[in-house]
**Student:** 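Before anything else, here's the structure in question.
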Amino acid sequence: MKMHFCIPVSQQRSDALGGRYVLYSVYLDGFLFCRVRYSQLHDWNEQLRRVFGNCLPPFPPKYYLAMTTAMADERRNQLEQYLQNVTMDPNVLRSDVFIEFLKLAQLNTFDIIPKKAYLDIFLPNEESINIEIITSDTAERVLEVASHKIGLCRELLGYFGLFLIRFGKEGKLSVVKKLADFELPYASLGSSEVEHCKVGLRKWYMDPSLDSTLMDCRAALDLLYMQAIQDIEKEWAKPTQAQRQKLEAFQKEDNQTKFLELAREVQHYGYLQLDPCTCDYPEPGSGVVLSVGNNEISCCITLPDSQTQDVIFQMSRVKCWQVTFLGTLLDMDGPQRTFNQNLELRFQYSEGSCWQWFVIYTKQAFLLSSCLKKMISEKMVKLAAKNPEMQIEVPEQSKSKKYHIQQSQQKDYSSFLSRKSKIKIAKDDCVFGNIKEEDL
């Protein structure tokens, strides 16, 4: 599945000899990832082609004459599409050529020198472990180091991930983004510009039944137990009064297994809850709290009369979705590293015999999109387990797993609407229209 790469802006710069070149700002999940020149991306593509041949997507050609504004904008769009498409191949994602280039690009962009450093990794109980890393270590490597320190079985690493998490006032917690395996946590944390942001370790799957796979590992069991308690305390999971009393009794006994068995029966257990945002149902501007997990999008919508309505969208009835950037980028030459995040995620949903669009306006649109992709990936794995003739790739796991799937059984997620008419463009700004979930 495609990564959420985009290149919303490009800037003209002068080199040491007085020549002019274009510097592209590459964003991942709405945050500045790196700044690179076309020549650097071109050389990288040539290296990738020597390894992977012609299976790579087309790369924008060189221009030997001065580019017009239209040509420059077309190249920027083509480079954006290239970055999105090249990440669809999990073999490319795991290759040294891919990882080393992006690692160096991040280090150069944020003027980071590879050296020893210490990084706090926050566990779901909000306590932290301090680990020694190299500033150039990827999230995959940092996860390995953290997992080794707490005794987590190596074969279970694919069920967990590193996240940027914001700890707000009154104990509120907000997941900002999932760190990609090739991302540098040291760089991403330092450049996020999000207040009270830390690197946290959490489970990374949306199907609560997968808990059973982890129960035999003591460290994994501890993490699940800590996260279940945290989710209940933060009211992400919503036990009944009877369930809460039993859970408290198991917690006093420190009976983690019984606690988790009961927790799996709790409403929204294992779901990821987004910050309060707005949607267009039943009317534009309606407040909503979204919880995502277990193959559904659960919405608690505040109605105009201040009453609430619970609406559940089953993923089996979602045809496609898109993330759209509706804002602008300011301070083009300044240090800004995040969007003025006016983002929306809209998905097409089957309601009876017709398809309808449901629109959510949230700064966490990229995170929501990642959760939707994760749910689809897990569903495909389950289908593959039932049918050995199916083949799919599961790129989220550190170690690739292949399954077989017939094309006719894949859902079509590539039907999207053009939203360019709704994008507000400030003077001299170059902003992107859609990030599309195509060819899932």
**Student:** Tell me whether the centres of the aromatic rings in Tyr27 and Phe33 are closer together than 6.0 Å.
**Tutor:** no
**Student:** Any non-hydrogen side-chain atom of Met315 less than 4.5 Å from a side-chain atom of Ile376?
**Tutor:** yes
**Student:** What I'd like to find out is whether the side chain of Val288 reaches to under 4.5 Å of the side chain of Leu274, using heavy atoms alone.
**Tutor:** no
**Student:** For Lys103, check salt bridge (Lys or Arg N to Asp or Glu O under 4.0 Å) against everything at least two apart and list the hits.
**Tutor:** Glu100
**Student:** List for me each residue that meets side-chain contact (heavy atoms from CB on, under 4.5 Å) alongside Pro208, sequence neighbours excluded, and say none if there are none.
**Tutor:** Tyr269, Asn294
**Student:** Once salt bridge (Lys or Arg N to Asp or Glu O under 4.0 Å) is applied, do any residues pair with Arg141, and if so which ones, sequence neighbours excluded?
**Tutor:** Glu144
**Student:** Does the side chain of Glu378 reach to within under 4.5 Å of the side chain of Met206, using non-hydrogen atoms?
**Tutor:** yes
**Student:** Under a 4.0 Å threshold between the charged nitrogen and the carboxylate oxygen, would Arg76 count as salt-bridged to Glu74?
**Tutor:** no
**Student:** Looking only at side chains, do Gln256 and Asp222 share a donor and an acceptor under 3.5 Å apart?
**Tutor:** yes
**Student:** Distance alone, cut at 3.5 Å: any donor-acceptor contact between the side chains of Glu80 and Tyr24?
**Tutor:** no
**Student:** So does Glu283 get a backbone contact from the side chain of Asp280, meaning a donor-acceptor N/O pair under 3.5 Å?
**Tutor:** no
**Student:** List the steps, then state whether ring pair (Phe, Tyr, Trp, His ring centres under 6.0 Å) holds for Phe313 with Phe347.
**Tutor:** CA-CA 10 Å; Phe313 298 95; Phe347 60 87; 5.1 Å; yes
**Student:** Assess the side chains of Trp236 and Ser291: does a donor N or O sit below 3.5 Å from an acceptor N or O?
**Tutor:** no
**Student:** Measuring only between side-chain heavy atoms, which start at C-beta, is Tyr281 closer than 4.5 Å to Ile301?
**Tutor:** yes
**Student:** Under the rule for side-chain contact (heavy atoms from CB on, under 4.5 Å), what residues qualify as partners of Glu265, not counting sequence neighbours?
**Tutor:** Gln243, Leu262
**Student:** Does a donor on one side chain sit under 3.5 Å from an acceptor on the other, for Tyr205 and Asp211?
**Tutor:** yes
**Student:** Are Leu223 and Ile150 packed together at the side-chain level, in the sense that at least one heavy-atom pair is separated by less than 4.5 angstrom?
**Tutor:** yes
**Student:** I'd like to know whether the aromatic ring centres of Trp357 and Tyr349 sit less than 6.0 Å apart in this structure.
**Tutor:** no
**Student:** May I ask you to decide if Val176's main-chain N or O and Ser174's side chain share a donor-acceptor pair within less than 3.5 Å?
**Tutor:** no
**Student:** List in chain and number order the residues that pass side-chain contact (heavy atoms from CB on, under 4.5 Å) with His148, two or more places apart in sequence or in another chain; answer none if no residue qualifies.
**Tutor:** none
**Student:** Taking the six-membered ring where the residue is Trp, are the ring centres of Phe160 and Trp204 under 6.0 Å apart?
**Tutor:** no
**Student:** Would you call Glu140-Arg94 a salt bridge at under 4.0 Å N-O?
**Tutor:** no
**Student:** Do the ring planes of Tyr38 and His42 sit parallel (below 30°), tilted (30 to 60°) or perpendicular (above 60°)?
**Tutor:** tilted
**Student:** For the residue pair Gln230 and Arg202, confirm or rule out a side-chain donor-acceptor distance under 3.5 Å.
**Tutor:** yes
**Student:** Do Ile121 and Val142 have side-chain heavy atoms sitting under 4.5 Å apart?
**Tutor:** yes
**Student:** Taking the side chain as every heavy atom from C-beta outward, state whether Ser188 and Ser192 have any atom pair closer than 4.5 Å.
**Tutor:** no
**Student:** Parallel under 30°, tilted from 30 to 60°, perpendicular over 60°: which one fits the rings of Phe98 and Trp44?
**Tutor:** tilted
**Student:** Quick one: OG on Ser286 to CG on Leu303, what's the gap to the nearest 0.5 Å?
**Tutor:** 7.0 Å
**Student:** Mark yes or no for whether Glu296, through its side chain, and Gln314, through its backbone, hold a donor-acceptor pair below 3.5 Å.
**Tutor:** no
**Student:** If the threshold is 4.0 Å, N to carboxylate O, is there a salt bridge linking Glu195 and Arg166?
**Tutor:** no
**Student:** For His196 and Phe167, run ring pair (Phe, Tyr, Trp, His ring centres under 6.0 Å): C-alpha distance rounded to whole Å, both residues' side-chain angles, the deciding distance at 0.1 Å, then the answer.
**Tutor:** CA-CA 6 Å; His196 310 298; Phe167 293 89; 9.5 Å; no
**Student:** State, with a plain yes or no, whether a side-chain heavy atom of Leu184 is found less than 4.5 Å away from one of Thr135.
**Tutor:** no
**Student:** Under the side-chain contact (heavy atoms from CB on, under 4.5 Å) rule, collect the residues that match up with Leu23, sequence neighbours excluded.
**Tutor:** Arg13, Tyr21, Arg35, Arg37
**Student:** Treating Gln106 as the side-chain partner and Leu102 as the backbone partner, does any N or O pair qualify as donor plus acceptor under 3.5 Å?
**Tutor:** yes
